Amino acid sequence: MSKQTFTVCLCFRRRFKVPPAEPPTGIKSLFNKYSANDLMTADHLQRFLVEVQKQEKATIEEAEAIITQNAPFIFQRKGFNLEAFFKYLFGASNSVLSPPGSAHQDMTAPLSHYFIYTGHNSYLTGNQLSSDCSDAPIIQALERGVRVIELDIWPNSTNDDVDVLHGRTLTTPVALRTCLRSIKTHAFSASEFPVVITLEDHLTTELQAKVAEMVHEIYGDTLFTPDKECLEEFPSPESLRKRFIISTKPPKEYLKAKETKPKGNGSKEKDAEVWGGEIASSDDKLYMYFQDDSDDDDSDDEDDDNAAPEYKSLIGIHAGKGKGGLDDWLKVDPNKVRRLSLSEHELEKAARTHGPQIVRFTQRNLLRVYPKGIRFDSSNYNPLIGWMHGAQMVAFNMQGYGRSLWLMQGLFRGNGGCGYVKKPELLLKGGNEVFDPRVEIPFKMTLKVTIYIGEGWYYDFKQSHFDSYSPPDFYAKIGIAGVPADSEIKKSKTVEDSWSPTWNEEFEFPLTVPDLALLRIEVHEYDMSEKDDFAGQTCVPVREIRKGIRSVPLYSQKGDVYQSVKLLMRFDTL
């Protein structure tokens with residue numbers, strides 16, 4: 001047991017004991033139930049795994065292996081004492097999600113049946129207006145499992161090569177060749193499933209031909225090129241392991257684009273997110289000066305008379321809205337599939353009038369959603385609007401951070417962190433059963449969550465990080481992000497002056513669409529005079545949660561896992 005001393009008013013000293021985290025009452029009771037003479041043998045542990053952890057197939061041999069791996073001393077390897085059992089529960093092998101590294105969902109369905117981890121302006125190191133362009137954020141995104149990388153390609157200053165930059169801004173360029181090589185090198189460090197490179201093309205025909213040569217030189221046989229000009233159905237992630245796919249609009253004549261004009265008054269609505277909005281957006285009057293028009297798919301192949309044929313042959317996933325309005329954009333062609341892009345604002349408007357049509361479209365085709373142009377601070381939007389309608393590519397600014405990005409990171413912690421998450425069956429049903437997010441449905445299940453204790457802040461943070469005069473006062477927020485009927489938040493009590501807060505509180509969340517629900521957890525330190533301090537967060541898909549008593553690692557605001565900070569929680573369904 002160590003002690004901490006805090007100085008108050010320059011002359012008074014306060015000393016606090018810092019006891020090690022001790023098993024809370026609920027854990028002690030379970031240990032007593034599944035042990036004899038203060039020893040949990042392999043037989044006891046196997047029964048605990050089956051009855052409490054809901055691991056129905058757990059064997060004695062598995063229980064013996066757990067004890068051998070987690071018992072600290074040789075003479076304890078016949079079983080766990082209370083301290084060793086408590087340490088095992090907090091360990092990485094007992095995490096709330098299955099260990100990362102391998103997909104456990106069916107990966108043989110068409111690409112349109114999956115949510116895909118998608119980046120927006122993947123080359124930017126910071127804001128959308130003046131930051132550097134680099135391959136560094138691309139590498140970081142790939143190492144986190146992102147599977148869709150976006151590159152805006154423009155002629156360089158001498159018009160004889162190709163740069164990547166955010167056009168009509170002050171961003172400094174990076175060479176396209178540098179980005180493509182870094183993608184090749186780091187693409188499969190976190191996942192073997194395919195990487196899609198979306199190109200926003202602003203090139204001459206000659207430079208398009210140069211890009212085609214560059215892509216073939218770098219990717220060779222790993223590049224997926226369809227036999228036909230347009231696919232009749234998308235291939236599966238499994239069939240495209242360690243392959244690259246180019247997705248872009250059909251090439252246009254050099255810089256053939258509409259003048260940037262304001263589209264109405266912009267959106268005055270703030271993000272309707274659980275637990276408050278993202279980083280505040282600036283006034284929408286700026287919309288007229290900074291539209292992300294490069295994301296705007298404005299026509300199909302038929303208008304393309306000036307394209308370099310070798311460039312056009314690169315395209316594995318064709319993008320385009322086609323002529324006409326929303327009804328035309330969402331038409332399902334039985335003979336070919338394509339990618340449609342909508343801004344977050346366009347999707348919100350379309351969802352109000354064409355919800356089931358969007359869901360039907362995404363059963364065969366890909367829908368990409370991208371941030372509205374005024375998010376030049378690289379903030380993000382609520383991804384659930386896209387996911388509820390089956391949108392596979394909800395494109396995010398990965399270089400930012402905030403609650404929206406935490407949701408994105410949380411969803412793709414599922415399925416082994418491979419960057420592809422199978423869409424729930426309700427989004428794949430056809431005929432008269434097409435899912436309508438606007439229609440209320442009965443509750444299907446209740447998620448029961450108990451938060452026992454947290455630990456690790458004492459090791460990962462400085463003594464005075466949270467409070468200069470005493471140990472921290474932690475509380476937790478636990479909630480659901482999902483369809484509107486399921487989204488809510490609950491708050492625990494505040495535990496004062498403790499680096500290892502013990503809450504022992506239980507919460508219940510009735511869910512109508514559990515397959516689209518994410519459990520969100522935040523821990524804060526209460527501050528009477530200032531804004532409460534952030535102390536960790538996590539987000540996990542409800543359908544991926546392992547039942548029973550589990551260790552829950554917490555992450556920083558940027559999404560980096562803390563070395564020591566964890567919660568011990570229990571999960572069950574009713």
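In this text, all values refer to a predicted model and were calculated from it rather than measured experimentally.
For residues 535-568, the ring-ring contact (aromatic ring centres under 6.0 Å, His included) pairs, not counting sequence neighbours, are Phe461-Tyr562.
Within a 6.0 Å radius of CZ in Phe534, other residues, nucleotides and ligands contribute more than 12 heavy atoms. In this structure, Lys184 places its NZ atom where more than 12 heavy-atom neighbours from other residues, nucleotides or ligands lie under 6.0 Å away. Counted within 6.0 Å of NZ on Lys558, heavy atoms from surrounding residues, nucleotides or ligands total 12 or fewer; the atom is thus considered open.
No close placement of the Tyr475 and Tyr526 rings is indicated, their centers lying 6.0 Å or farther apart. Between Phe396 and Tyr381, the gap from one ring centroid to the other is short of 6.0 Å.
Ring orientation note: the planes of Trp154 and His202 are close to parallel, at an angle under 30° on the 30°/60° scale.
Between His389 and Leu367, every side-chain heavy-atom pair lies at or beyond the 4.5 Å cut-off. Side-chain contact between Arg368 and Leu340 is absent, with no heavy-atom pair separated by less than 4.5 Å. Taking the side chain as every heavy atom from C-beta outward, Tyr123 and Asp152 approach each other to under 4.5 Å. For the pair Leu176/Val211, a side-chain contact is recorded, criterion being any heavy-atom separation below 4.5 Å from C-beta on.
Salt-bridge check for Asp560 with Arg144: passed, with a basic side-chain N closer than 4.0 Å to an acidic carboxylate O. With respect to the salt-bridge test (charged N to carboxylate O, under 4.0 angstrom), the residues Glu200 and Lys249 qualify.
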Side chain to side chain contact (heavy atoms under 4.5 Å, CB included) between Leu124 and Cys133, intermediate numbers included: CA-CA 5 Å; Leu124 289 178; Cys133 301; 3.8 Å; yes

Under the side chain to side chain contact (heavy atoms under 4.5 Å, CB included) rule, what do Phe509 and Thr446 come out as? Steps first, then yes or no, please. CA-CA 5 Å; Phe509 300 98; Thr446 296; 5.8 Å; no

Given the rule in the ring-ring contact (aromatic ring centres under 6.0 Å, His included) test, do Phe474 and His524 qualify, once you have shown the distances and angles that lead to the verdict? CA-CA 6 Å; Phe474 289 126; His524 295 268; 9.9 Å; no

Could you go through the side chain to side chain contact (heavy atoms under 4.5 Å, CB included) check for Ile478 and Lys491 one step at a time? CA-CA 6 Å; Ile478 303 174; Lys491 182 179 175 181; over 6 Å; no

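Applying the ring pair (Phe, Tyr, Trp, His ring centres under 6.0 Å) criterion to Phe188, with sequence neighbours excluded, gives Phe244.
Judged by distance alone, the side chains of Ser378 and Gln399 do bring a donor and an acceptor atom under 3.5 Å apart.
The two residues Glu150 and Asn121 have their closest heavy-atom pair at OE1-N, 2.6 Å.
The only option from Lys448, Lys547, Lys54 that meets the side chain to side chain donor-acceptor pair (under 3.5 Å) definition with Thr573 turns out to be Lys547.
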